[in-house]
Amino acid sequence: MIALSLVPLVLTAGPLEVSLVQVQTGKPLGEEVPFDVKPMGYEPGVRLAFLVRGENLVAFKDDSVEVKSFKLGDGREWSRTRSGKANWEQESFAKVSDDGKVGRFSVKFPGDLFGVIEGASLDATVTAITASKSEEKKIELTAGDKTKHPLGPFEISAGGGGGLFGGGGDGTAITITGNHQAVVEVSVIDGGAKLDGNGSSWSNDAKTYNFDKAKGEKLAVTVRYWTDLKEEVVPFKMEPAKK
């Protein structure tokens with residue numbers, strides 16, 4: 001166990017409040033250490049997890065973290081490489097609660113930072129996406145028909161199942177093209193029965209929602225989406241504890 005002398009500042013940006021809730025440090029290990037011997041959940045470098053509280057949170061914009069400064073306890077500036085490239089990574093799969101009141105995101109820095117993360121300071125921002133108004137649109141699609149149809153601010157089509165996460169080759173898929181962060185929920189009714197969801201996958205601005213295989217041809221599809229998405233740049237910091 002390593003005790004870190006860090007002060008997780010609570011910062012308020014408009015209605016949003018950010019605080020540091022977890023620091024995970026991993027010493028880089030050599031290739032001679034097998035995967036199953038490494039500690040459970042092991043990752044080299046430093047991972048900083050932040051919690052955001054507020055109202056109307058929807059998501060955190062991908063790759064939106066900007067680090068102005070990450071100064072280590074020994075005085076070194078660690079936010080950029082020697083050539084000036086960003087030395088951090090905003091982790092994927094940030095999460096926001098269903099009620100939009102709390103969310104989390106994480107930032108990673110590489111290197112052997114044992115002994116120097118204590119006393120480190122961070123000054124950075126992340127872009128939060130918020131919204132408070134939504135509406136629904138309904139459309140009837142033919143299973144397997146990949147023709148795109150306009151639906152609100154999107155284009156929508158039906159096709160074969162499958163995808164990165166679940167779905168399978170014989171499922172039902174609904175593909176929506178547009179800003180998929182605006183989509184709240186997609187539901188499919190097949191002959192009066194609601195199909196169970198089977199995950200989703202996306203590429204660029206097209207996102208495919210996978211469902212169980214439909215028995216009929218005609219699908220009643222309902223899409224609920226946010227109509228007032230906004231981006232807000234939110235600052236977050238940490239400072240070394242005062243001795």
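Everything numeric in this text was worked out from a predicted model, so none of it was measured. Atom set for the values below is all heavy atoms of this structure, side chains included, hydrogens, waters and symmetry mates excluded.
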Next item on the list: List the steps, then state whether side-chain contact (heavy atoms from CB on, under 4.5 Å) holds for K68 with S79.
Entry: CA-CA 7 Å; K68 299 177 183 177; S79 62; over 6 Å; no

Check: Looking just at side-chain N and O atoms, do S157 and T147 make a donor-acceptor pair shorter than 3.5 Å?
Finding: no

Check: Heavy atoms, side chains only, cut-off 4.5 Å: are S132 and D228 in contact?
Finding: yes

Item checked: Flag side-chain contact, heavy atom, 4.5 Å: N198 against F211 -> no

Next item on the list: Looking only at non-hydrogen atoms, find the nearest pair between E135 and T227 and report the distance.
Entry: CG-CG2, 3.6 Å

Note to self: Tell me whether R53 at atom CZ has more than 12 heavy atoms from other residues, nucleotides or ligands lying less than 6.0 Å away.
What the structure shows: no

Item checked: Cluster link L229 to L151, ILVMFWY, side chain under 4.5 Å -> no

Note to self: Aromatic contact between F105 and F236, with the criterion being ring centroids under 6.0 Å apart: yes or no?
What the structure shows: yes

Next item on the list: Report the distance from atom CG of N56 to atom CH2 of W226, rounding to the nearest 0.5 Å.
Entry: 7.0 Å

Next item on the list: Find the distance between CD (E232) and OG1 (T125) and round it off to the nearest 0.5 Å.
Entry: 11.5 Å

Item checked: Distance in Å, T177 OG1 paired with K207 NZ, rounded so as to fall on 0.5 Å steps -> 12.5 Å

Check: With a 4.5 Å heavy-atom cut-off, do F60 and V234 have their side chains touching?
Finding: no

Item checked: pair Q90-D62: side-chain heavy atoms closer than 4.5 Å -> no

Notebook entry, point to check: In terms of hydrophobic clusters joined by side-chain contacts under 4.5 Å, are V58 and V52 together?
Noted result: no

Item checked: Stepwise side-chain contact (heavy atoms from CB on, under 4.5 Å) test for V107 and F70 -> CA-CA 11 Å; V107 185; F70 182 42; over 6 Å; no

Note to self: Please determine whether side-chain contact (heavy atoms from CB on, under 4.5 Å) holds for the pair L113 and W78, giving the CA-CA distance in whole Å, both sets of side-chain angles, and the decisive distance to 0.1 Å.
What the structure shows: CA-CA 10 Å; L113 303 184; W78 206 249; 3.8 Å; yes

Notebook entry, point to check: Is the shortest heavy-atom distance from the side chain of K194 to the side chain of I189 under 4.5 Å?
Noted result: yes

Note to self: Please tell me whether V18 and I129 are part of a single hydrophobic cluster in this structure, the criterion being side-chain heavy atoms less than 4.5 Å apart.
What the structure shows: no

Margin query: Testing the basics here: between V126 and S64, what is the closest heavy-atom pair and its distance to 0.1 Å?
Written below: CG2-OG, 3.5 Å

Next item on the list: Determine yes or no for a side-chain-to-main-chain donor-acceptor pair under 3.5 angstrom, with T172 supplying the side chain and A214 the backbone.
Entry: yes

Next item on the list: Answer yes or no: is there a donor N or O on one side and an acceptor on the other, between the side chain of N204 and the main chain of A206, under 3.5 Å?
Entry: no

Next item on the list: Starting at CG of L51, measure out to NZ of K95 and round the result to the nearest 0.5 Å.
Entry: 13.5 Å

Check: Counting distance only, does the side-chain N/O of S97 pair as donor-acceptor with the main-chain N or O of V102 below 3.5 Å?
Finding: yes

Notebook entry, point to check: About how many Å separate NZ of K215 and CG of L195, when rounded to the nearest 0.5 Å?
Noted result: 10.0 Å

Next item on the list: Tell me, yes or no, whether the heavy-atom count around D99 atom CG, taken from other residues, nucleotides or ligands under 6.0 Å, exceeds 12.
Entry: yes

Check: L122 and side chain to side chain contact (heavy atoms under 4.5 Å, CB included): which partner among K71, K237, M238?
Finding: M238

Check: Between K218 and T142, which heavy-atom pair has the shortest distance, and what is it?
Finding: NZ-OG1, 3.0 Å

Next item on the list: Starting from the C-alpha separation in whole Å, work towards a yes-or-no answer on side-chain contact (heavy atoms from CB on, under 4.5 Å) for F109 and V67.
Entry: CA-CA 11 Å; F109 294 89; V67 178; 4.1 Å; yes

Item checked: Heavy-atom pair of closest approach, residues L16 and A128 -> CD1-CB, 3.8 Å

Check: Under 6.0 Å from the NZ atom of K38, do we count more than 12 heavy atoms belonging to anything else shown?
Finding: yes

Margin query: Let me confirm one number: the CD-CD1 distance from E155 to I176, rounded to the nearest 0.5 Å.
Written below: 11.5 Å

Note to self: For a quick test of reading the model, state the closest non-hydrogen atom pair linking E43 to Q24 and the distance between them.
What the structure shows: N-NE2, 4.3 Å

Next item on the list: Check D145 against H149 and note the closest heavy-atom contact, atom names and distance.
Entry: OD2-NE2, 4.3 Å

Item checked: Within-4.5 Å side-chain heavy-atom neighbours: E136 and E185 -> no

Next item on the list: Tell me whether I174 is reachable from V184 by hopping between hydrophobic residues (I, L, V, M, F, W, Y) whose side-chain heavy atoms are closer than 4.5 Å.
Entry: no

Note to self: Has Y42 got a side-chain atom pairing as donor or acceptor with L29's backbone, closer than 3.5 angstrom?
What the structure shows: yes

Notebook entry, point to check: Is the closest side-chain donor-acceptor distance between K137 and T222 under 3.5 Å?
Noted result: no

